[in-house]
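To keep things clear, I will list the structure first and then write my remarks on it.
In each ligand, atom 1 is the first atom listed, and ligand 1 is the first ligand listed. Sequential numbering from 1 along the given sequence is applied to the chain's residues.
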Amino acid sequence: MCGIMGYSGLRPPLPLLVSGLERLEYRGYDSSGVAFFDDFGALSVVRAVGKVGMLKDLVSDRVAQPGAAIGHIRWATHGGVTLENAHPHQSGPIVLVHNGIVENDQALRIHLRSCGIECLSETDSEVLSHLIRLEYEKDGVFPEAVRRALGHVEGSYALAILCQNDPADLVVVRNGPPLILGLGAGETFAASDIPAFLHFTRQVHPMDNGTIALIRHDEVRAGRLEQSLQDWTPPPSMTISWDPVFAEKGTYRHFMEKEIFEAPRAMMDTLSDRLSVSPVLPELDRLALGIPPVVAFVACGTSWHAGLFGRAFLEQAGIPAFVEIASEFRYRKLLLPKGSWVIGISQSGETADTIGAIEASRRAGFFTVGIANVPGSTLERECDLCLLTHAGPEIGVASTKAFQAQVSLLMMLSLALGEASPRPDLLDALLRAPHRLELFLESLSAESLDARVERLRQSRLVMFAGRGLDYPLALEGALKFKEITYRPADGYPGGELKHGPIALIEPGVTVVAPLVDRSLRAKEISNLREIRARGGYVLAIGPAIGKEGHEIWYDDRIGLPDDPPWSGVFQAAGVLQLLAYRVASALGNDVDQPRNLAKSVTVE
Ligand code: G6P
């Protein structure tokens, strides 16, 4: 949902802003823009409709002097995709970029009109620039003007702001959407996400909600919005371990393809240090917590599917669990037993609905746990306890490697919370799973998938079905498929097909069926026979079962090694991700930035 970036330092800021915005492009790609001081010292704004590439062309012959500069990429909320609505927005000497939503923008517009100011755009963001300008005209103190103006604003905002009269100064504010400072030598970055500046520094300060900072090169002073400038102090920082190579495409055509093949490493990094002869979650041990009576998982999208696995694993460990879509859960009556845990799962750690659900749970007195991939994210800081997956930065909008990292961490959590001595077979399967996945992905040649990709591309409708552990796989397969191919696809519990979806089956319809759950395999197979009997085409993803050809219940099968289900789910997930990726590429779609989607949804 929009990405912002700011810089103050001695380098020419334009190339650095453009490359940072390219790395934030997964957050929105409707329009983009930058503001900088040109070689005459004048504050210049350049905006473009469309992707950052358009902006890059426009600024290719522009020179910016060292100092402060800001940039933005937009995912439209208020107002259409037009040049007028693109950021930055300027009012006199003040220029700003905004991520978030101003809830009282209509009232503020009326107030501005009474001061003789008409907004030029339909955005809620433009009003902020005028409000700050009005305050600035009172005393000429830039950061104080920002602070006072925001006192009139209701809503959420991450802001980066420049002032014509202070060319080295960058003021940034966070109240809701994420904003992370990157602290370098002689320079400071501010961005919605770490990959924007990961090439320059790994020293970061994730800003707290309700805080503001004044940045001049590497001097940073930060404080709460209620505190006046003289009380602001240098903020603390932490070092993050992410490798900048993760944020590069390398030899791959798309980030998504690269990230599918990074899944084994994502799992390995998540599990190592936590798993040896027994599952160790030092984070849990430190708190010496008892076993919760009930665990509720809350999440959105792919992370919700990971939560369905979490439920299955905890149930196997004897712990009652359920899974809820965060946007629904947050407005429900929370009738959980005392001592229950609410676990929010989120790659970004910034999804507004997941955070809202966690906040509601905390208010209701439940113990909250976050499973997040981005260190320093809001989820990490809002929860009583956070378990980090270590998938590294995920750039492709459709989540891939983060999913396998979440699922492996959930397996480990169930082992750590389960019986005193966890089942050695499960532990062994988990220990081997990353390497088994790596070997499997290496063995899958592009050609071996060609015919399947073509079949899916030609299919009138693609459905995904599975039971037990194969059900969340079916849901995730369908989500990946629709997200990037734009073709209708849905995932169903295999046993539910006959209660409605089977009416859709006819020649030209393909049903993709992951089959890693041995316990329900016979039942899954009879559901698939029902599909074939009605002219549907069944593409199974699973190990060879019984005598091949003896009793054919599928039309085609992508073979998986006959590994235990705890290893097989990762392999089946890899196949489903690759199939969606390959079909979308064959259709010529923008795989990394699919239409209408954003990676991190920071609005309700
Ligand atoms: C968006 C993305 C999905 C993602 C979901 C949850 O909708 O497009 O790929 O699964 O958000 O994101 P989170 O960061 O909370 O895991």
Side-chain angles (χ1 to χ4, degrees), residues 1-3 24-29 75 77 177-178 192-195 254-256 259-260 263 266 270 297-310 323-330 342-359 369-383 386-389 391-407 409-410 472 475-486 489 491 573 576-577 580-581 584 589-604:
M1 307 279 106
C2 300
L24 291 178
E25 210 169 11
Y26 69 81
R27 301 177 68 88
Y29 21 87
W75 190 86
T77 51
S192 304
D193 200 357
I194 297 165
H254 297 101
F255 277 109
M256 182 177 176
E259 288 162 1
I260 290 171
T270 299
F297 291 103
V298 292
C300 306
T302 291
S303 297
W304 179 68
H305 297 154
L308 291 170
F309 280 107
V323 195
E324 291 276 339
I325 301 265
S327 53
E328 292 294 315
F329 180 85
R330 63 187 294 192
V342 179
I343 303 187
I345 309 173
S346 172
Q347 186 286 128
S348 61
E350 301 295 347
T351 300
D353 283 318
T354 306
I355 288 160
I358 286 293
E359 283 167 352
V369 181
I371 293 187
N373 190 47
V374 177
S377 61
T378 306
L379 188 66
E380 180 179 9
R381 286 171 310 126
E382 287 291 321
C383 286
C386 188
L387 304 172
L388 285 176
T389 51
E394 193 180 65
I395 314 280
V397 165
S399 190
T400 51
K401 63 176 177 174
F403 174 69
Q404 276 102 327
Q406 289 167 339
V407 174
L409 185 53
L410 288 163
L475 289 178
E476 180 56 11
L479 180 65
K480 285 289 86 79
F481 198 81
K482 71 184 114 180
E483 276 180 316
I484 57 173
T485 69
Y486 314 147
L576 292 164
Q577 292 164 349
Y581 169 74
N589 293 353
D590 189 340
V591 177
D592 281 336
Q593 287 150 15
R595 70 184 185 200
N596 306 340
L597 298 177
K599 183 146 191 75
S600 177
V601 182
T602 54
V603 293
E604 260 202 68

>> Pairing donors with acceptors under 3.5 angstrom, does anything connect the side chains of Thr302 and Glu476?
In response: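 Side-chain D/A pair, Thr302 to Glu476: present.
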
> So, Glu350 versus Ser377: side-chain donor-acceptor pair below 3.5 Å or not?
Replying inline: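 No, Ser377 and Glu350 have no side-chain donor paired with an acceptor closer than 3.5 Å.
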
> Which atom pair, heavy atoms only, marks the closest approach of Val397 to Ala598?
Replying inline: CG1-C, 4.0 Å

> ligand 1: which residues have a non-hydrogen atom closer than 4.0 Å?
Replying inline: Cys300, Gly301, Thr302, Ser303, Ser346, Gln347, Ser348, Thr351, Val397, Ser399, Glu483, Ala598, Lys599, Val601

>> Glu324: which residues meet the side chain to side chain donor-acceptor pair (under 3.5 Å) condition with it, sequence neighbours left out?
In response: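 Residues passing side chain to side chain donor-acceptor pair (under 3.5 Å) with Glu324: Arg332.
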
> side chain to side chain donor-acceptor pair (under 3.5 Å) with Ser399: which residues, sequence neighbours excluded?
Replying inline: Glu394

>> List the residues meeting ring-ring contact (aromatic ring centres under 6.0 Å, His included) with Tyr581, not counting sequence neighbours, and say none if there are none.
In response: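 For Tyr581, the residues satisfying ring-ring contact (aromatic ring centres under 6.0 Å, His included) (neighbours in sequence not counted) are His254.
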
